[in-house]
There are 2 protein chains.
Amino acid sequence: MVEELDPRKKQILQAIIQEHIISASPIGSKTLAKKYNLDVSPATIRNEMADLEDLGYLEQPHTSAGRVPSDKGYRYYVDQLVSREKNEVPGVIENIENLYQDLQDVQDIISGMAKMLSNMTHYTAMVSEPKSQVSRLKKVEIMQLADNSLLLVLVTDTGMVNNKIINLDQSLSARKISYLNRFLSEKLENKLLANLDTNYLKEVEKELMARLDLSVDLFKQFYNEFEGAFEPGGVKVYLGGTSYILEQPEFNDLEKVKKMLRLLDQEEMLNKIINSMSGSDLEIKIGQENEVEDIKNCSLVVATYYISNRAVGKIGVIGPTRMEYPRVISSVDVISDILGKLISKASG
Amino acid sequence: MVEELDPRKKQILQAIIQEHIISASPIGSKTLAKKYNLDVSPATIRNEMADLEDLGYLEQPHTSAGRVPSDKGYRYYVDQLVSREKNEVPGVIENIENLYQDLQDVQDIISGMAKMLSNMTHYTAMVSEPKSQVSRLKKVEIMQLADNSLLLVLVTDTGMVNNKIINLDQSLSARKISYLNRFLSEKLENKLLANLDTNYLKEVEKELMARLDLSVDLFKQFYNEFEGAFEPGGVKVYLGGTSYILEQPEFNDLEKVKKMLRLLDQEEMLNKIINSMSGSDLEIKIGQENEVEDIKNCSLVVATYYISNRAVGKIGVIGPTRMEYPRVISSVDVISDILGKLISKASG
DNA sequence: TTTTAGCACTCAATTAAGGAGAGTGCTAAC
DNA sequence: GTTAGCACTCTCCTTAATTGAGTGCTAAAA
């Protein structure tokens, strides 16, 4: 399906896309001939443009308008015409890292990076929390708050901290709590969360019951916390720069803005979107390639970030298909690296 | 400044406001005569309307348009014409409470209530976290995650849980940690957070240093957590139903939407807004009465919520001055009650 | 004195019409 | 294969005309 285009067609396609990204409006042959010295006349360019339209790389909003890139055109552009080399400005990474190195809290780092990415790209950024399935439980601890109220704290090796207050119908002695802590530490710590499924927990429960006289209630709440906090697909998604989409001319229609903002309000949707991306290091979905109906006029550039070599989460940008791909790609690239490093450092 | 209006003027003002709340456009004398049986002719109504305009309760967008309520008009309406009696539909409170009673986490409760309130009113809801200044520290605990990495957990009696990972340049023995925990418990627990200021913490530090050989670094990070998490005005503000403002005809201008969304993106601003409200149980700020420039065309209805009889936070709604005050007032009233109850229950 | 009918007047919003401009496709010449 | 020329198309902008809701004022009626 991906024809090899002759050099001049490539050149013209690239020029049209670049120009369109700047102007957000259809591009005519004359503009092209003037701004990009292609050494051919507008008429020739017109012929080439007609060819490119036949091949599906360009579209014409109406008979007497210029051409606009199609999704296929962008796809070709991104795959063939954009260099993916890391062309970082030296020092930028270090600067950002220094800027954020004081942050110890993983949630703070994530939302900080979401903001940073949206500021850099001027599109809306989204970051998913480290996936728990590939994390290990580093620490589990129960502490007593009041007579029949406990605080359960769970810490993963990716630095995520979850806590939940558990109210019991009975009170536990300090001895029982300390026993419970030792027991749970031994049974649960340093295990992959993916392995701490219902089956395993049932086993642990049975064993515990045999040794200690406890209410079933405690363990039920215990399950809930595990399921709720760590279930796949249920991870939190952080947004940054929501209002940037308003700057885009393709959203100068209130109806479209509404649709978009309503979408971004729904966490399940964000989850669906970000989880529909493959696991590859950097993936780009253009317009119709997206599965979610409401963003079929948007593009996504999403990278996977790593904590100690494990793919744990995704960070990316959502904007109109007419996106500044080269800039966005390198920004997402850089920030995903930094995010991984910062979290690794913070979670020791 | 608040004149006593004769009954007919009252009636007409109320009718205009009610009609305007529905239609969002200027109201003419004919409409009024038709829809509300005032038993007088449009001409008479016109005279009254001219009077009400002279008194400042109404405004005229342009010479040949109907009248629109002024801020002063809304103020009169809210103060004199809206009944503040609680007219709850019986059972609603119980239903909501049941719906959310499973939630144990205070943050979940708050954001759940923000969503609920925005769904009920169809405006944007904002809720501030329980103020820490009037809370007591219920539990402070340090636990070891790795050799030189600790987790500090702070729990207030209002159920707020804060945690922070602290990376040290030295490692602490289990004995030292357990000593530290006993010491901090004794010195800090059950104290009002307002009293745990820099002075007091310095004292504690001095005493601790005398007894235990510790790096200064630990205490520095300790301070930060206290200041960051619990400083007044720095509390988190939860939003619900941001996209509802888009439904309002007064925001059918993209520029206005942008301004508003940018405002709601800034947490400091939300803090400023919600903290500028008096401490009264239910306060309403209409248009120009607001201090923050960008919301001088908005109204706020904000209630204080209580946990065990202490005023701890605020919950409210922001929308256009043309707001359905009666419905909003009772919704905010009800939800603030429920919020307080739910948190009280969850934090035991 | 208050209320009402009548009427001229005002102003925003909608519709219609007339360019202006940008761009195309085609043809014929280079 | 490339280019100049030209008729044609379609959107966008501006201007003008029309509509319609609503007012303020005056003078008569209650």
Side-chain angles (χ1 to χ4, degrees), chain A residues 5-13 15-20 22-70 73 249-250 252-254, chain B residues 5-13 15-20 22-70 73 249-250 252-254:
Chain A
L5 297 179
D6 68 64
R8 196 169 64 190
K9 282 199 174 59
K10 269 191 194 175
Q11 207 185 357
I12 289 177
L13 180 57
I16 289 180
I17 293 182
Q18 281 174 9
E19 194 60 23
H20 179 68
I22 297 168
S23 71
S25 46
I27 312 301
S29 53
K30 213 172 154 188
T31 326
L32 229 50
K34 222 185 299 172
K35 282 212 183 176
Y36 298 74
N37 44 345
L38 300 169
D39 293 329
V40 283
S41 76
T44 310
I45 296 177
R46 275 205 289 283
N47 288 332
E48 295 285 39
M49 280 160 78
D51 286 354
L52 283 168
E53 186 176 354
D54 286 344
L55 291 168
Y57 295 104
L58 296 179
E59 280 166 3
Q60 214 172 7
H62 55 87
T63 333
S64 69
R67 300 305 205 290
V68 155
S70 66
E250 21 276 279
N252 60 6
D253 175 12
L254 257 181
Chain B
L5 298 179
D6 67 65
R8 195 169 63 193
K9 283 201 173 59
K10 269 190 194 173
Q11 207 184 356
I12 289 177
L13 179 57
I16 289 179
I17 293 182
Q18 281 173 8
E19 194 61 24
H20 179 68
I22 297 169
S23 71
S25 47
I27 312 300
S29 54
K30 215 172 152 188
T31 326
L32 228 51
K34 224 184 298 171
K35 282 213 183 178
Y36 298 73
N37 44 344
L38 299 168
D39 293 328
V40 285
S41 76
T44 311
I45 296 177
R46 274 205 290 284
N47 288 331
E48 295 286 38
M49 280 160 76
D51 287 354
L52 283 168
E53 186 175 354
D54 288 342
L55 291 169
Y57 295 104
L58 296 179
E59 281 167 1
Q60 214 170 6
H62 55 87
T63 333
S64 69
R67 298 305 205 293
V68 154
S70 66
E250 20 276 279
N252 59 6
D253 175 12
L254 258 181

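If you're wondering where the values come from, they're calculated on a predicted model, not measured in any experiment. Just so it is clear: chains get the letters A, B, ... in the order the sequence lines come, proteins before strands, and each one is counted from 1.
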Gap between atoms NZ and C1', on B:Lys30 and C:dC7 respectively (whole Å): 14 Å
When A:Asp51 is tested against each of A:Arg67, A:Lys9, A:Arg46 for salt bridge (charged side-chain N to carboxylate O under 4.0 Å, His left out), which residue passes? A:Lys9
Would B:Tyr36 and B:Gln11 count as having a side-chain donor-acceptor pair, cut-off 3.5 Å? no
Can you tell me how far C1' of D:dG24 sits from CD of B:Glu53, to the nearest Å? 12 Å
Mind calculating the distance between CG (B:Asp54) and P (D:dT23) to the nearest angstrom? 14 Å
Can you tell me which nucleotide in C:dT24, D:dT23, C:dC11 comes closest to the side chain of B:Ser29? D:dT23
Specify the separation, in whole Å, of atom CG of A:Asp51 and atom P of D:dG1. 11 Å
At what distance, to the nearest 0.5 angstrom, does CD of B:Glu19 lie from CD1 of B:Ile16? 10.0 Å
For A:Thr63 and C:dT24, is the shortest distance between a side-chain N/O and OP1 or OP2 below 4.0 Å? no
Do A:Leu58 and A:Leu13 have side chains that get closer than 4.5 Å, going by heavy atoms? yes
Between D:dT23 atom C1' and B:Ile27 atom CD1, what is the distance in whole Å? 15 Å
Which of D:dT23, D:dT9, D:dG24 is nearest the side chain of A:Ser64? It is D:dT9
Residue B:Arg8, side-chain heavy atoms: nucleotide from D:dT3, C:dT24, C:dT3 that is nearest: C:dT3
Nearest-nucleotide check on DNA chain C, A:Pro26 vs B:Glu48; residue mapping nearer the 5' end is B:Glu48
Separation of B:Glu59 atom CD from D:dT23 atom C1', in whole Å? 17 Å
Send over the distance from A:Ile12 CD1 to C:dT24 C1', rounded to a whole Å. 15 Å
Counting side-chain heavy atoms from CB outward, which of D:dT23, C:dG25, C:dT4 is closest to B:Ser41? C:dT4
If you compare every side-chain N and O of B:Thr44 against the phosphate oxygens of C:dT4 (OP1, OP2), does one of them come in below 4.0 Å? yes
Taking for B:His62 and for A:Asn47 the nucleotide of DNA chain C with the nearest heavy atom, the one nearer the 5' end belongs to B:His62
Would one find a side-chain N or O of B:Arg46 under 4.0 angstrom from OP1 or OP2 of C:dT2? no
Closest approach to the side chain of A:Val40, judged atom by atom: which nucleotide of D:dG22, D:dT3, C:dT24 is it? D:dT3
It should be established whether A:Arg67 places a side-chain nitrogen or oxygen under 4.0 Å from OP1 or OP2 of nucleotide C:dT24. yes
So, B:Ser29 side chain and B:Ile45 main chain: donor-acceptor pair closer than 3.5 Å or not? no
Rounded off to whole Å, could you give me the NZ-to-C1' distance for the A:Lys34 and C:dA22 pair? 10 Å
